[in-house]
Q: 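Below is one structure. I have some questions about it.
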Amino acid sequence: MARSGFEVEQAAVKALFLREIRTRFGKFRLGYFWAILEPSAHLLVLLGIFGFIMHRTMPDISFPVFLLNGIIPYFIFSNITNRSVGAIEANQGLFNYRPVKPVDTIMARALLETLIYAAVYILLMVVVWMAGEYFEITNLLQLVATWGLLILFSCGIGLIFMVVGRTFAETQKFLPILLKPLYFISCIMFPLHSIPTDYWPYLLWNPLVHAVELSREAVMPGYVSEGVSLSYLAICTLVTVFAGLALYRNREEAMLTS
């Protein structure tokens with residue numbers, strides 16, 4: 001029986017997803033362990049550097065929980081976008097099969113990163129809870145909506161990076177570098193309310209600030225971040241995904257033949 005377009009798309013993404021797993025982890029005996037080690041080591045380093053200071057400035061808030069809800073969303077965004085730049089080159093031979101399209105590689109890589117960091121997030125949150133740190137998921141719907149929008153936003157940026165990187169090969173080197181400053185201006189290591197309100201308009205244009213602070217609000221009772229908005233994150237996501245799809249549709253054939 002002839003398959004529908006959705007079934008063909010689903011099969012292509014599933015095959016690419018399994019290929020990504022083998023490529024990324026298959027050659028390492030402890031491959032999956034490294035996915036947990038990276039954010040764990042990052043968390044421990046920041047706890048060692050800022051733990052004492054932040055405990056004094058935020059005595060009623062668990063700093064490990066605070067950090068986790070900044071680091072993991074940033075890693076999801078960073079990894080999806082960075083891995084999108086070279087997605088076509090990494091899967092070039094597969095595009096000889098008609099059902100496989102460049103956009104499928106973005107979807108497969110985004111799915112893999114999401115599953116990895118969702119598992120890491122749950123595991124580390126359980127670890128910090130067992131260590132005596134307090135948190136409570138007060139708004140599960142907000143947490144799911146925030147992460148869902150963040151993933152779609154990352155896919156939109158990833159699509160744009162993939163098209164630009166394929167069209168102008170020299171940009172593949174510095175496109176990921178453009179994202180590095182976001183680590184320091186996305187409230188990963190500090191709360192938004194610790195910044196003077198005069199500077200908020202410059203920080204709040206960044207959708208990652210909204211994603212990070214909304215994630216913290218959902219799991220930390222009493223933590224309220226004024227100025228952030230789920231609606232703003234949704235608008236940025238829609239605009240970014242639309243722009244990415246428009247660029248991709250316009251350049252798909254040229255990317256495959258270049």
Side-chain angles (χ1 to χ4, degrees), residues 39 42-82 117 121 128 133 135 138-139 142-158 160-161 164 174-244:
H42 204 105
L43 177 68
L44 289 174
V45 169
L46 291 180
L47 281 174
I49 297 174
F50 300 106
F52 177 75
I53 297 174
M54 298 305 288
H55 181 71
R56 297 287 297 273
T57 56
M58 297 190 302
D60 300 326
I61 293 176
S62 169
F63 188 52
V65 175
F66 174 89
L67 270 182
L68 266 176
N69 284 273
I71 292 171
I72 300 298
Y74 175 80
F75 277 174
I76 290 174
F77 169 78
S78 177
N79 282 16
I80 290 176
T81 52
N82 284 335
Y117 283 105
Y121 176 78
V128 298
E133 300 293 336
F135 69 89
T138 57
N139 196 334
Q142 177 176 306
L143 182 64
V144 172
T146 299
W147 278 45
L149 290 172
L150 174 65
I151 293 162
L152 289 175
F153 175 75
S154 304
C155 289
I157 297 293
I160 294 172
F161 275 24
V164 173
F174 70 82
L175 279 175
I177 298 175
L178 297 178
L179 300 179
K180 296 299 183 183
L182 289 177
Y183 181 86
F184 301 100
I185 60 173
S186 297
C187 294
I188 308 298
M189 297 175 288
F190 56 87
L192 179 63
H193 61 74
S194 67
I195 304 299
T197 54
D198 291 343
Y199 297 100
W200 283 17
Y202 303 104
L203 287 177
L204 289 175
W205 67 266
N206 179 5
L208 287 182
V209 172
H210 296 259
V212 166
E213 291 289 274
L214 287 168
S215 180
R216 287 168 177 160
E217 280 188 0
V219 299
M220 301 171 69
Y223 187 89
V224 178
S225 187
E226 298 179 5
V228 298
S229 168
L230 191 63
S231 298
Y232 177 80
L233 180 59
I235 292 171
C236 290
T237 299
L238 288 174
V239 171
T240 305
V241 170
F242 177 81

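Numbers for residues simply follow the sequence, beginning at 1. Heavy atoms only: backbone and side chains are in, while hydrogens, waters and symmetry mates are out.
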Q: Would Asn69 and Tyr121 satisfy side chain to side chain contact (heavy atoms under 4.5 Å, CB included), going step by step from the backbone distance to the final call?
A: CA-CA 8 Å; Asn69 284 273; Tyr121 176 78; 2.7 Å; yes
Q: Begin with the C-alpha distance, continue with both residues' side-chain angles, and end with the deciding distance and a verdict on side chain to side chain contact (heavy atoms under 4.5 Å, CB included) for Phe242 and Val239.
A: CA-CA 5 Å; Phe242 177 81; Val239 171; 5.9 Å; no
Q: As an exercise, state the distance from CG of Asn139 to CE of Met220, rounded to the nearest 0.5 Å.
A: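 Interatomic distance, Asn139 CG to Met220 CE, rounded to 0.5 Å: 14.5 Å.
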Q: The test is side chain to side chain contact (heavy atoms under 4.5 Å, CB included); show your working for Leu233 and Ser229 and say whether it passes.
A: CA-CA 7 Å; Leu233 180 59; Ser229 168; over 6 Å; no
Q: Run the side chain to side chain contact (heavy atoms under 4.5 Å, CB included) test on Phe77 and Ile157 for me, step by step, so that the C-alpha distance in whole Å, both residues' side-chain angles and the decisive distance to 0.1 Å come before the verdict.
A: CA-CA 9 Å; Phe77 169 78; Ile157 297 293; 4.2 Å; yes
Q: Would you confirm whether Tyr232, through its side chain, and Trp205, through its main-chain N or O, come within 3.5 Å as a donor-acceptor pair?
A: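 Checking the backbone N and O of Trp205 against the side chain of Tyr232, a donor-acceptor pair under 3.5 Å is found.
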Q: Can you pull the salt bridge (Lys or Arg N to Asp or Glu O under 4.0 Å) pairs that have at least one residue in residues 204-214, sequence neighbours excluded?
A: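 Salt bridge (Lys or Arg N to Asp or Glu O under 4.0 Å) check on residues 204-214 returns Glu213-Arg216.
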Q: With rounding to the nearest 0.5 angstrom, report the CG to SG distance, Leu149 to Cys236.
A: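 Taking CG in Leu149 and SG in Cys236, the distance rounds to 10.0 Å.
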Q: Between Ile80 and Cys155, which heavy-atom pair has the shortest distance, and what is it?
A: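 Residues Ile80 and Cys155, closest heavy atoms: CG2-N, 4.1 Å.
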Q: Does Leu238 have any side chain to side chain contact (heavy atoms under 4.5 Å, CB included) partners at least two apart in sequence or in another chain, and if so, which?
A: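 Testing Leu238 for side chain to side chain contact (heavy atoms under 4.5 Å, CB included), a comparison that skips the adjacent residues, returns none.
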Q: Closest heavy-atom contact between Val241 and Leu152?
A: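 So the two residues come closest at CG2-O, 3.4 Å.
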Q: Can you confirm whether Leu208 sits close enough to Leu150 that some side-chain heavy atom of one is under 4.5 Å from a side-chain heavy atom of the other?
A: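 Leu208 vs Leu150: side chains touch.
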Q: Kindly assign one of parallel, tilted or perpendicular to the pair Phe63 and Phe66, based on the angle between their ring planes and the thresholds 30° and 60°.
A: parallel
Q: How long is the gap from CD1 on Ile185 to CD1 on Ile195, to the nearest 0.5 Å?
A: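 It comes to 11.0 Å.
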Q: How far does CD1 of Ile76 sit from OG of Ser78, to the nearest 0.5 angstrom?
A: 11.0 Å
Q: Please find the pair of heavy atoms, one from Leu143 and one from Ser215, that lie closest to each other, and give the distance.
A: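 Nearest pair, atom of Leu143 first, then Ser215: CD1-OG, 3.5 Å.
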Q: What do you reckon, is OH of Tyr183 surrounded by more than 12 foreign heavy atoms closer than 6.0 Å?
A: yes
Q: Looking at His210 and Gly227, what are the two nearest heavy atoms and their distance?
A: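 Result for this residue pair: CE1-O, 3.7 Å.
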Q: My understanding is that only residues two or more places apart in sequence, or in another chain, count here; which of them pass side chain to side chain donor-acceptor pair (under 3.5 Å) with Asn79?
A: Glu113, Tyr117
Q: Looking at every non-hydrogen atom in both residues, tell me the closest pair between Gly244 and Ile160 and how far apart they are.
A: CA-CG1, 3.7 Å
Q: How are the rings of Tyr223 and His193 set to each other: parallel, tilted or perpendicular (split at 30° and 60°)?
A: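 Tilted, since the angle between the ring planes falls between 30° and 60°.
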Q: Ignoring hydrogens, what is the shortest heavy-atom contact between Thr138 and Pro221? Give both atom names and the distance.
A: CG2-CG, 3.8 Å
Q: Return yes if some donor-acceptor pair links the side-chain N/O of Ser186 with the main-chain N/O of Leu182 below 3.5 Å, else return no.
A: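 Checked: pair present.
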Q: How long is the straight-line distance from OG of Ser154 back to OH of Tyr74, given to the nearest 0.5 Å?
A: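 One finds 11.0 Å between OH of Tyr74 and OG of Ser154.
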